[in-house]
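Report on the following structure.
Start at 1 and go down the list; that is how both ligands and their atoms are numbered.
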Amino acid sequence: MRHLFAVFGNPVYHSKSPLMHNLAFRKLEYPGCYTRWLIEEGSKLRDIFLSLGFKGVNITVPHKEWAFKAADVVEDFAAEVRAVNTLVLSDGKLYGYNTDAPGFYRALRKLGRVKTALIMGAGGTARALALYLRSRGIDVEVVNRSPGRLDWFEKEGFVCHTWEGFEAKGHDAIINTTSAGLTDDALPMPKPLLDAALAHARYAVDVIYGRQTPFLKEAKRLKLPHFDGSEMLLQQGIIAFDHFTEHRYALEEIETAMRPFLEL
Ligand code: NDP
């Protein structure tokens with residue numbers, strides 16, 4: 001019997017997750033099949049999951065909070081950020097996980113040792129990364145274009161800055177979680193501030209994938225080791241696959257099977 005998996009979201013047509021997971025199912029000879037499923041109302045997510053007989057799903061924008069509510073059991077980190085991107089049915093219960101930030105961290109560790117990080121941007125992705133990186137002992141600071149979204153980070157005890165008066169103090173990793181460069185040629189910070197931050201950095205990371213952002217172009221020009229959002233996508237997928245297949249394979253084995261999707 002084949003186990004059925006999917007990515008739930010709105011929109012989902014662009015998602016690369018089916019390609020990534022089906023490739024790994026085939027290479028590892030796991031009896032799984034992964035599709036995409038458009039979910040218009042997040043409140044129906046649990047019923048849709050159970051009535052269609054899925055074994056596991058990934059959840060993308062805008063339903064991660066609904067997925068958190070749909071789970072019977074939520075792992076600690078997903079509960080902290082109230083966002084679930086992986087649901088797995090096991091023994092009649094829905095287990096919820098967040099593999100985005102752990103995936104990001106897995107990719108970051110491959111670059112080298114990181115003790116300090118500067119996160120540019122203060123949206124949902126920045127929140128998850130800031131909490132997770134701090135839980136792994138990394139000293140995180142946040143810089144954002146406007147002050148509004150920084151309130152949450154300040155309450156959580158992060159050192160925060162807006163662009164005004166910001167001086168980079170030599171962070172190991174500079175991380176772009178803003179949407180600057182997603183559809184335009186914008187930099188995530190004014191050029192003088194970014195240049196100063198990159199001048200002392202050891203690594204540069206962008207969570208955007210599908211195109212090379214001006215920020216990563218700059219990092220490349222400076223010959224800084226870097227990765228983009230496709231590596232994060234891959235790594236979160238590896239951890240999700242590990243949950244889907246209930247830890248049957250080593251993470252390295254899954255990575256070997258899945259990584260070629262980046263070239264497809
Ligand atoms: P949000 O909408 O929650 O936050 C966007 C942030 O970007 C805000 O801090 C905003 O600042 C800032 N921003 C927007 N435009 C600019 C600009 N031109 N210059 C400087 N700052 C800007 O976004 P998310 O956190 O949900 O997503 C952020 C990015 O992460 C997206 O590009 C998304 O595609 C990517 N992503 C990638 C994933 C992956 O697997 N690779 C997973 C999830 C997300 P302000 O507060 O001032 O408005």
Side-chain angles (χ1 to χ4, degrees), residues 7-12 14-21 58-68 77-78 81-86 97-108 118-133 140-154 156 158 160-164 166 174-194 197 204-216 218 226-241 258-259 261-262:
V7 53
F8 283 1
N10 186 9
V12 278
H14 67 289
S15 173
K16 299 219 169 175
S17 291
L19 195 61
M20 187 162 79
H21 286 276
N58 288 124
I59 301 91
T60 185
V61 179
H63 299 315
K64 292 184 191 183
E65 208 171 323
W66 280 111
F68 164 75
F77 178 66
V81 290
R82 297 181 63 82
V84 159
N85 79 329
T86 303
Y97 307 91
N98 186 311
T99 71
D100 286 329
F104 178 89
Y105 179 66
R106 213 175 117 81
L108 188 64
L118 177 68
I119 295 182
M120 299 182 290
T125 308
R127 283 185 192 201
L129 295 189
L131 285 178
Y132 195 82
L133 295 184
V140 177
E141 291 189 22
V142 183
V143 59
N144 196 44
R145 177 174 62 179
S146 55
R149 294 190 220 223
L150 289 174
D151 287 351
W152 180 90
F153 290 86
E154 271 163 4
E156 287 289 331
F158 292 99
C160 299
H161 315 267
T162 56
W163 293 349
E164 206 179 331
F166 173 64
I174 311 294
I175 301 164
N176 177 33
T177 72
T178 76
S179 25
L182 184 64
T183 54
D184 53 28
D185 285 327
L187 286 168
M189 281 203 288
K191 190 147 188 330
L193 300 187
L194 190 65
V205 182
D206 206 318
V207 302
I208 291 174
Y209 63 92
R211 80 190 291 253
Q212 186 161 214
T213 60
F215 165 65
L216 268 201
E218 191 58 19
H226 59 275
F227 64 82
D228 73 1
S230 56
E231 186 65 27
M232 178 176 168
L233 183 71
L234 170 70
Q235 297 296 340
Q236 65 76 26
I238 291 168
I239 300 172
F241 191 98
M258 223 177 223
R259 182 170 286 283
F261 110 91
L262 291 175

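- The shortest heavy-atom contact between H63 and G9 is CD2-CA, 4.0 Å.
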Anything under 3.5 Å between an N or O on ligand 1 and a protein N or O? List each pair with its distance, or write none.
| unit_1 | atom_1 | unit_2 | atom_2 | d |
| --- | --- | --- | --- | --- |
| ligand 1 | 3 (O) | G124 | N | 3.2 |
| ligand 1 | 7 (O) | S179 | N | 3.4 |
| ligand 1 | 9 (O) | A122 | N | 2.8 |
| ligand 1 | 9 (O) | N144 | OD1 | 2.8 |
| ligand 1 | 11 (O) | N144 | OD1 | 3.3 |
| ligand 1 | 25 (O) | G124 | N | 3.2 |
| ligand 1 | 25 (O) | T125 | N | 2.9 |
| ligand 1 | 25 (O) | T125 | OG1 | 2.9 |
| ligand 1 | 27 (O) | T125 | OG1 | 3.3 |
| ligand 1 | 41 (N) | V207 | O | 2.9 |
| ligand 1 | 41 (N) | G229 | O | 3.1 |
| ligand 1 | 46 (O) | N144 | ND2 | 2.9 |
| ligand 1 | 46 (O) | S146 | OG | 3.4 |
| ligand 1 | 46 (O) | R149 | NE | 2.8 |
| ligand 1 | 47 (O) | R145 | NE | 3.0 |
| ligand 1 | 47 (O) | S146 | N | 3.3 |
| ligand 1 | 47 (O) | S146 | OG | 2.5 |
| ligand 1 | 48 (O) | R145 | NH2 | 2.9 |
| ligand 1 | 48 (O) | R149 | NH2 | 3.3 |

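- In this structure a side-chain-to-backbone donor-acceptor pair under 3.5 Å is missing from N144 to L150.
- The aromatic rings of F158 and W152 lie parallel to each other, their planes meeting at an angle below 30°, with 60° marking the opposite boundary.
- Salt-bridge check for D206 with R211: failed, with every basic side-chain N at 4.0 Å or more from each acidic carboxylate O.
- The backbone N or O of G124 sits nowhere less than 3.5 Å from a side-chain atom of R149 that would complete a donor-acceptor pair.
- When ring centroids are compared, Y209 and F227 stay outside the 6.0 Å threshold.
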